[in-house]
Amino acid sequence: MSSAGITVNVLKALKVEPDKRIEVSIMDGDTHKPDFLKLNPHGKVPVIVHDDVVVFESAAITLYLGETFGVQAGLYPPPGPPRGEVMKWVVWANTDIFSTASALHSHMPSKAVSAEAKAEGLPMCPDDDHDKSSREYDNAKQHMLKHMKVLDGALAGKQYLAGNKYSLADVHVHSVVWWISMLQPITESTPNLQAWMARINEKA
């Protein structure tokens, strides 16, 4: 599971076209080769280089791009309380939702994966590798449900996460929730979340 897709979506929303885009293969070990490790010693994607500044971690990249390009684009507030609203959701998505999604993915039996996820080519471990992980899988599902309920509650009476203005918070969090919905459809009653997902899908 990689968060590189988040950065791709953020750049697209900002209408920022990178001078150069280099795709690496995690499966082939590209992220652990010396040249890549010079950029990110953690050996993970995404990584961006802008004006000789190297930024890794998708949340940090979203915030950096927001400060650099997002204010003028109207997708990131200037310094002040509204910016805090955007920042908290971006960081929360990575520290809470994404970590739970990783656990869900790690312990999910392939037979439980949606057809959409398989069509997307998301890597799954064989069922027999998960036989001892059912408790972890169920625990991750419960934590994910809590996260989705939090989002649903936060969107009550609002069009977007930071109020009624579309922002990078929506782009970032939507990217994570979309991945989850591909992995396992969200079937619980979350009307505010579902309506928000539909709104963001129209903008993608």
Side-chain angles (χ1 to χ4, degrees), residues 1-18 21 45-46 48 50 55-102 104-105 114 116-117 120 122 143-204:
M1 179 179 180
S2 167
S3 59
I6 299 174
T7 298
V8 172
N9 291 339
V10 168
L11 287 167
K12 181 180 178 181
L14 291 169
K15 295 181 172 61
V16 173
E17 185 66 33
R21 177 177 173 179
V45 291
I48 67 167
H50 178 251
V55 186
F56 47 76
E57 297 294 335
S58 60
I61 292 172
T62 294
L63 299 179
Y64 177 84
L65 292 174
E67 292 182 5
T68 306
F69 303 103
V71 177
Q72 184 175 355
L75 292 175
Y76 198 73
R83 177 175 288 191
E85 285 291 316
V86 172
M87 294 173 70
K88 72 181 184 185
W89 289 112
V90 169
V91 174
W92 178 75
N94 278 52
T95 58
D96 286 54
I97 300 183
F98 204 87
S99 60
T100 303
S102 295
L104 188 67
H105 174 266
S114 69
E116 291 84 357
E120 287 289 325
L122 299 176
H143 276 84
M144 188 57 69
L145 174 58
K146 290 180 180 178
H147 295 328
M148 296 303 101
K149 290 291 187 181
V150 166
L151 273 176
D152 189 67
L155 287 162
K158 296 194 298 186
Q159 293 289 304
Y160 303 106
L161 281 170
N164 290 316
K165 185 174 176 58
Y166 179 62
S167 73
L168 291 186
D170 300 291
V171 179
H172 191 102
V173 178
H174 175 271
S175 298
V176 180
V177 177
W178 177 88
W179 192 93
I180 295 166
S181 68
M182 289 293 99
L183 187 64
Q184 182 174 0
I186 302 168
T187 58
E188 291 77 10
S189 178
T190 51
N192 302 318
L193 174 60
Q194 298 299 332
W196 172 78
M197 287 290 290
R199 282 192 292 274
I200 307 307
N201 285 336
E202 290 179 357
K203 292 180 175 291

- Can you tell me which residue pairs pass the side-chain hydrogen bond (donor to acceptor under 3.5 Å, both in side chains) test with a partner in residues 63-80, sequence neighbours excluded? H50-Y64
- Query: When you measure from the side chain of D170 to the backbone N and O of L161, does any donor-acceptor pair fall under 3.5 Å?
  - Reply: yes
- Judged by atom type as modelled, is there a donor-acceptor pair below 3.5 Å linking the side chain of N201 to the main-chain atoms of M197? yes
How many angstroms lie between [atom1] in [X] and [atom2] in [Y], if you round to the nearest 0.5 Å?
X: L145; Y: T100; atom1: CG; atom2: OG1; value: 11.5 Å
X: I61; Y: S3; atom1: CD1; atom2: OG; value: 7.5 Å
X: N9; Y: K203; atom1: CG; atom2: NZ; value: 14.5 Å
X: H174; Y: S181; atom1: NE2; atom2: OG; value: 7.5 Å
X: F69; Y: L168; atom1: CZ; atom2: CG; value: 11.5 Å
X: T190; Y: L151; atom1: OG1; atom2: CG; value: 9.0 Å

- Message: Take a 6.0 Å sphere around NZ of K149 and say whether it holds more than 12 heavy atoms from other residues, nucleotides or ligands.
- Response: yes
- Message: Is it the case that over 12 heavy atoms from other parts of the model lie below 6.0 angstrom from the NZ atom of K12?
- Response: no
Counting C-beta onward and ignoring hydrogens, is there a side-chain heavy-atom pair between [X] and [Y] closer than 4.5 Å?
X: L65; Y: V16; result: no
X: I97; Y: M148; result: yes
X: H147; Y: W92; result: yes
X: S58; Y: N94; result: yes

- Task: Please check if any side-chain donor atom of T62 sits under 3.5 Å from a side-chain acceptor atom of H172, or the reverse.
- Result: yes
- If you measure only the distance, is there a donor-acceptor pair under 3.5 Å linking the side chains of H143 and D96? no
How far apart are the closest heavy atoms of [X] and [Y], and which atoms are they?
X: W89; Y: V173; value: O-CG2, 3.5 Å
X: P77; Y: V71; value: O-CG2, 3.9 Å
X: P191; Y: D152; value: N-OD1, 3.3 Å
X: A162; Y: E85; value: CB-CB, 4.1 Å
X: S175; Y: I6; value: CB-CG1, 3.7 Å
X: G157; Y: N164; value: O-OD1, 4.5 Å

